[in-house]
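What's counted below: heavy atoms across the whole structure, side chains too, no hydrogens, waters or symmetry copies. Whatever order the structure lists ligands and atoms in, that order sets their numbers, starting from 1.
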Amino acid sequence: MIIGILAYQGAIEEHLKMTKIALESMKINGEVKLVKKYDEIKEINGLIIPGGESTTIGKISSLNQTIQLIKQRIYEGMPVLGTCAGLILLAKRVYDRVIGEVRQSLIGVMDITIERNAFGRQRESFEADLEIPIIGEKKFRGVFIRAPVIREVGPNVEVLSRLGNLIVAVKQGSIIGTAFHPELTDDPRIHQLFIKEICNRLL
Ligand code: GLN
């Protein structure tokens, strides 16, 4: 199993580390690679799109044309985990309260509407304990950094978690998205959930 971390910008090393921890905890012999190039993205079995700045990640991957390949591979069934900016890139519809509908490059495979920067600016970042039943009863520490929220979901999208009445984690088939940063905790359960999707696919 080869898991790729899209390595243009953002919390790349943190995902690398957490994915290795998750694989080890599941006793799975897998490789985790930082990927940037077309040929690298072609050979992975699952992709993590990190948090960071969605406009930057989107711009780079449309300039080097990997955005099309990522989209195609996801449509073919490759599992993907998008966190924060990564979630934004996966969404079909994205807006910002201040500027309205955004004009940025998106992978656009998830039937959700996202509001970017929904909690305000960097200084409005925060942490909160979340209930995410699919990964177990123990609460998950959600780290929200200039985070988006999911405002609408289509019929094929499963809501995995809410913070109050705001949707903060979703799953559509093998596509998992979180508004928070699971790689910045010491809890590998979201990464394990993603790896399970890859296992199901490879079986
Ligand atoms: N606000 C950022 C964006 O819109 C996301 C922040 C993050 O990934 N921590 O891309």
### Query
So with a 6.0 Å cut-off around CD of Glu131, is the heavy-atom count from everything else above 12?
no

### Query
Between the side chain of Asn45 and the main-chain N/O of Ile2, is any donor-acceptor distance below 3.5 Å?
yes

### Query
Taking only heavy atoms of Asn117, which atoms of ligand 1 are found under 4.0 Å from at least one of them?
1 (N)

### Heavy-atom check, side chain of Leu193 versus side chain of Arg189, under 4.5 Å
no

### Query
Which ligand 1 atoms are under 4.0 Å away from a heavy-atom of Cys84?
5 (C), 6 (C), 7 (C), 8 (O), 9 (N)

### Task
Walk me through it: do Arg97 and Arg116 pass the test side-chain contact (heavy atoms from CB on, under 4.5 Å)?
CA-CA 8 Å; Arg97 208 178 318 153; Arg116 281 182 69 193; over 6 Å; no

### Query
Looking only at heavy atoms, is any part of Arg116 under 4.0 Å from ligand 1, and if so is it the side chain, the backbone, or both, or is it neither?
side chain

### Task
Classify the angle between the aromatic ring planes of Phe119 and Phe144 as parallel (below 30°), tilted (30 to 60°) or perpendicular (above 60°).
perpendicular

### Task
For Ser54, take its heavy atoms, then give the atoms of ligand 1 lying under 4.0 Å from any of them.
3 (C), 4 (O), 10 (O)

### Query
Are any non-hydrogen side-chain atoms of Ile57 and Ile60 less than 4.5 angstrom apart?
no

### Query
By number and element, which atoms of ligand 1 are closer than 4.0 Å to a non-hydrogen atom of Ile88?
3 (C), 4 (O), 10 (O)

### Task
Please identify which atoms of ligand 1 are closer than 4.0 Å to at least one heavy atom of Ile145.
6 (C), 7 (C), 9 (N)

### Query
Which option out of Pro148, Gly52, Gly51 puts a heavy atom nearest to atom 5 (C) of ligand 1?
Gly52

